[in-house]
Structures are given as structure tokens and as C-alpha cells.
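Given the structure is predicted, the values throughout are model-derived calculations rather than measurements.
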Amino acid sequence: MIACNDFFQKLRECGTDFFTGVPDSLLGSLSAWLLANDAENHLIAANEGNAVGLAAGHYLSTGRIPVVYLQNSGIGNIINPVASLLHRDVYQIPVLFLVGWRGEPGVSDEPQHIFQGKATISLLEDVGMRTEILCHDWETASEQIEAAYAEMKRSGGSAAFVIRKGTFAPYPFQKEDSCHPMSRERALEVIASSLPEDSVVVSTTGKLSRELFEIRERRGEGHEKDFLTVGSMGHASSIALGIARNTDKMVYCLDGDGAALMHMGAMAVLGQSKISNMKHIVINNGCHESVGGQPTVGFFVHLEEIARGCGYPSVITCETEEALAQTMQTIRERQGLEFVQVMVNAKSRSDLGRPTIGTHANKEHLMNYLLEVRDEA
């Protein structure tokens, strides 16, 4: 394993003094080290494309090669700025990418990572990056880093290191305590108990969907009215809007602060959609809890004011279980798009399981329910 301190000292020797990206569980030690030791030169971005823009601006103003870190599921968000901004044929801006390799072929992983894992190296190479798997051995890795920087400085192109699980030695991350009394799972229990029986739920990626699945199991309820968005972070509200336009049922989007911030433009589209059968509920714990607890800006921006500015007709924030229960009853009884922000802490169970229904079955069950409803109408 590579010690985080050794790794970052090597990057500094090569001239890097700025780090940005979106947290990933495989790179959790790296982001924890940065937050503890180099916070002034580190920005957690809203999405991976945002990170590329930050990195480009840093290079343009300093001439020093920055680092962007991401899970491979975020490669799609970097392709446009990499191909149309960084590329040697355009502005020739070198950036070093550290890409967590979820879904590595031959390694058991979740279904949303399977294709992305197989395509990771070819996708990076196709957009013109020098791409290597970073070696676990520090002496070899150090040589790889030196060669990558030499090539970037010579050609002006970018380089990527694909990071396997266990590449970096553990580095503890100290989560900050939250003053909010509810956990996300407790908030979901309150929400689930208040949903209309025939409503449709679209839940965001990460532990939120896993908790919703277990809550349904504990309550003896089916899963055919839920769409568990296990991948495509930040797009649950758009999926929900796409469904709501084609059903008379009320559609509840259960979102997270990190996901809502990642593609916040979706809120502008929602606010102007004139949709009347959708509720957008953002459960805000102020962090990327599903990949380690690294902070978002969720507690520092006013998502309720952003929703109001985007045109949501009704905006509510809840901080207690009692307020949430009352709000859920209130919005259940009326039509119209509504935004509900639920403030929670970052606690979750260590024994939280994963859905036992596969993604194909989840899709088929929901589609069968929606199409049956349309046929009956």
C-alpha cells in the first residue's frame, strides 16, 4: 500500500499544489488526508466537470499541473471539458486524474459499476489521456508518477492513474458532529409511513436507496412502486419528472444534498415545468456520507431559497421528526410541485444491506405497475 503522505509529497515535488474532485470510497484516504493536512489547496467540487474547470483555471493562472480525483462513474461528467477544453488539439492544458476503479473486471461489485469498470481504461484513452493502473508498490508508483509528469510537461496532454481498491493505506477521516436530531433512515421511515398507497417513489443513489429498500422490507411492502437510482448521481429528480409527465399518480423524488448540488440545473427545469403531481424531497446531511462522509456545501447554501428562485410554488424545510410528519401529511393532501428540505445528521447503520432485487427486475416491476395504471385509465 502507498502512504498518502508519501504520495502527496511526490506530487508536490512534481509541481502540483492544487487538488479538486468528487469523493470516492476507493480514494477516501486521499480526500481525508487532504482535508486534514492541506485544506487550503483542496476544493471538493459539486461534480467532476466542475472540478475540471477549477483545475483548468488553476493551470491558466499558475502554470502548475493540478490533480482531479473522481470515481470512474464520474468519467461521463469530465468527457466534455476534457475533450473540448483540456485536449492537446484545443487549449493543451495538462491535468493529472486519479480515478477510482469501481467495477474492476474480476472484482465483485454493484451492478451500476459493472459496465463502467470494463470501460474505464478505454474511455480515458479515447479522450487522449495517458492512462496507467497505479502500482501498489511505492517504488514503482513513484517511477510511474515521474514518467506521467514528464510526458504531460512535454506534450501538454493530461494523464490518468486508475486506482484499485486498497492502493492507498488507510487514513482516518474525522466526521464533524451535526446538531440535527434525525438520521436519514429515521426521516425515510417518517416519509414512507406518510406516502399515499398508490404513489411512485424515485430515490437517489447511495445509502438512501438502500435504506428505503430495507424500510419497505420491514414494513412488509412491495418494491414495485419504487425506482432505486443506484447510479447516475444527480439525475433522480429528472427521472422523477420524466415519470410524472406520463402518470396521474403522485411522484415523490427522494434526493440527497450532494446529488441535488451535482446537477442543480435540474431544479430550474423542474421549477418551470408546471408539473402538478411531483414532490421533490431533499434529505440534507451536509456530506457525501455514502462514500466516507466528506463534506458538501449542503449546510452552507440555502437550497430552499434556490428552489424558490427556480419557481417551485411551495418550499418547506423540516428539522424535527414532528415537523416532517406534519409536512408529509400537508403535502399529501394537495396537488402541485413542492420542495421539501429535511435536515438530518450523518449517522447510518454499519450493518446496512443492499437491495436483493436486481436492477432489471426493479425496472420491470415499476414499468409493469405504471403501464397497468395507464391501461386502467
Check your understanding: Just by modelled atom types, is the Ile44 backbone N or O under 3.5 Å from a matching donor or acceptor in the Thr20 side chain?
Key -> no

Legend entry - Side-chain heavy-atom pair Val127, Leu123 within 4.5 angstrom cut-off: no

TODO: Count the heavy atoms of every other residue, nucleotide or ligand shown that sit under 6.0 Å from NE2 of His136, and state whether that count exceeds 12.
DONE: yes

Query - Single-linkage hydrophobic cluster, 4.5 Å side-chain cutoff, Val342 and Val201 together - result: yes

Looking at Arg332 and Ser194, would you say the former's side chain and the latter's main chain have a donor-acceptor pair under 3.5 Å? yes

Residues 157-170 vs side chain to side chain donor-acceptor pair (under 3.5 Å), sequence neighbours excluded, gives Glu104-Arg164

Return yes if some donor-acceptor pair links the side-chain N/O of Gln272 with the main-chain N/O of Cys310 below 3.5 Å, else return no. yes

Residues Ser84 and Val90: closest non-hydrogen pair is O-CG1, 3.2 Å

message: Less than 4.5 Å apart, side chain to side chain, heavy atoms only: is that true for Leu34 and Asn41?
response: no

Practice item. Kindly check if the number of other-residue, nucleotide or ligand heavy atoms within 6.0 Å of CD (Glu40) is above 12? Key: yes

Please assess Leu208 against Arg184 for the test side-chain contact (heavy atoms from CB on, under 4.5 Å), listing each intermediate value before the final yes or no. CA-CA 7 Å; Leu208 188 154; Arg184 181 184 51 238; 4.0 Å; yes

Nearest heavy-atom contact between Cys14 and Ile145 is SG-CG2, 4.1 Å

Asn72 and His113: side-chain donor and acceptor closer than 3.5 Å? no

Group every Ile, Leu, Val, Met, Phe, Trp and Tyr by side-chain heavy-atom contacts under 4.5 Å, then state whether Val202 and Val340 land in the same group.
no

Distance col, row Ile163:CD1 vs Phe168:CZ, nearest 0.5 angstrom, shows 4.5 Å

Quick check: is Trp138 connected to Trp33 through a chain of hydrophobic side chains (ILVMFWY, heavy atoms under 4.5 Å apart)? yes

Could you walk me through whether Glu211 and Leu352 pass side-chain contact (heavy atoms from CB on, under 4.5 Å), step by step? CA-CA 7 Å; Glu211 289 168 343; Leu352 179 63; 3.8 Å; yes

Heavy-atom nearest pair, Cys253 first then Met278, reads CB-CE, 4.0 Å

*Check the pair Ile78 / Met129 against side-chain contact (heavy atoms from CB on, under 4.5 Å), numbers first and verdict last.*
CA-CA 12 Å; Ile78 70 170; Met129 288 193 207; 4.0 Å; yes

Should Lys249 and Asn277 count as side-chain neighbours, where that means a heavy-atom distance under 4.5 Å? no

Could you please spell out the steps behind the side-chain contact (heavy atoms from CB on, under 4.5 Å) verdict for Tyr252 and Ile281?
CA-CA 7 Å; Tyr252 287 77; Ile281 302 174; 3.9 Å; yes

Is there a side-chain contact between Val22 and Val291 in this structure, where contact means two heavy atoms from C-beta onward sitting under 4.5 Å apart? no

dist Thr205:OG1 -> Glu110:CD (nearest 0.5 Å) comes out at 10.0 Å

Q.
So Leu11 and Tyr149, do their side chains get closer than 4.5 Å, heavy atoms only?
A. yes

Could you tell me if Lys10 and Ser142 have a donor-acceptor pair between their side chains, going purely by distance under 3.5 Å?
yes

Heavy-atom donor-acceptor pair, Asn285 side chain to Val344 backbone, under 3.5 Å
no

Heavy atoms of Asn362 and Leu228 approach each other most closely as OD1-N, 3.1 Å

Practice problem: Anything under 30° is parallel, anything over 60° is perpendicular, the rest tilted; go ahead and classify His263 against His235. | Solution: parallel

Open item on the list: Is any side-chain heavy atom of Ile331 closer than 4.5 Å to one of Ile316?
Closed with: yes

Is there a chain of hydrophobic side chains (I, L, V, M, F, W, Y, each step under 4.5 Å between heavy atoms) that links Ile2 to Phe19? yes

NE2 of His360 to NE2 of His365, rounded to nearest 0.5 Å, is 12.5 Å

- Task: Using only heavy-atom distances, determine whether the side chains of Gln71 and Ser73 contain a donor-acceptor pair under 3.5 Å.
- Result: yes

Note to self: Donor-acceptor check, side chain of Arg210 to backbone of Gly353, threshold 3.5 angstrom: yes or no?
What the structure shows: yes

Exercise. So do the side chains of Val301 and Asp257 get within less than 4.5 Å of each other, counting heavy atoms only?
Worked result: no

In this structure, CE of Met182 is separated from CD of Glu322 (nearest 0.5 Å) by 8.5 Å

Just by distance, no angles: are the side chains of Glu13 and Gln9 close enough, under 3.5 Å, to form a donor-acceptor pair? no

Taken to the nearest 0.5 Å, the spacing of Thr120 OG1 from Ile75 CD1 works out to 4.5 Å

For Leu188 and Leu212 the tightest heavy-atom approach is CD1-N, 4.2 Å

Exercise for review: Would you please say whether a donor-acceptor pair under 3.5 Å links the side chains of Glu289 and Ser348?
Suggested key: yes

So CE of Met267 and CD1 of Ile306: to nearest 0.5 Å the spacing works out to 6.0 Å

Minimal heavy-atom distance between Arg102 and Asp109, with the atoms involved, is NH2-OD1, 2.7 Å

Quiz prompt | Sidechain-backbone polar pair: Thr229 side chain, Ser203 backbone, donor-acceptor under 3.5 Å | solution = yes

Measuring centre to centre across the rings, with the benzene-like ring taken for any Trp, is His42 within less than 6.0 Å of Phe8? no

How are the rings of Phe213 and His223 set to each other: parallel, tilted or perpendicular (split at 30° and 60°)? parallel

query = Which class fits the ring pair Phe339 and Tyr312: parallel under 30°, tilted 30 to 60°, perpendicular over 60°?
reply = perpendicular

message: Quick check against the 3.5 Å criterion: does Ser61 have a side-chain atom that pairs as donor or acceptor with the backbone of His58?
response: yes

Is there a continuous path of hydrophobic side-chain contacts, each under 4.5 Å between heavy atoms, that joins Leu86 to Leu60?
yes

Please check if the side chain of Gln144 supplies one atom and the backbone of Glu132 the other of a donor-acceptor pair under 3.5 Å. no

Q | pair Phe7-Leu30: side-chain heavy atoms closer than 4.5 Å | A | yes

* Evaluate whether atom CZ of Arg245 has more than 12 neighbouring non-hydrogen atoms of other residues, nucleotides or ligands under 6.0 angstrom away. => no

| task | Output yes when a side-chain donor or acceptor of Lys225 lies under 3.5 Å from a complementary backbone atom of Glu197, and no otherwise. | result | yes

For this session: Return yes if some donor-acceptor pair links the side-chain N/O of Thr330 with the main-chain N/O of Gln326 below 3.5 Å, else return no.
Result: yes

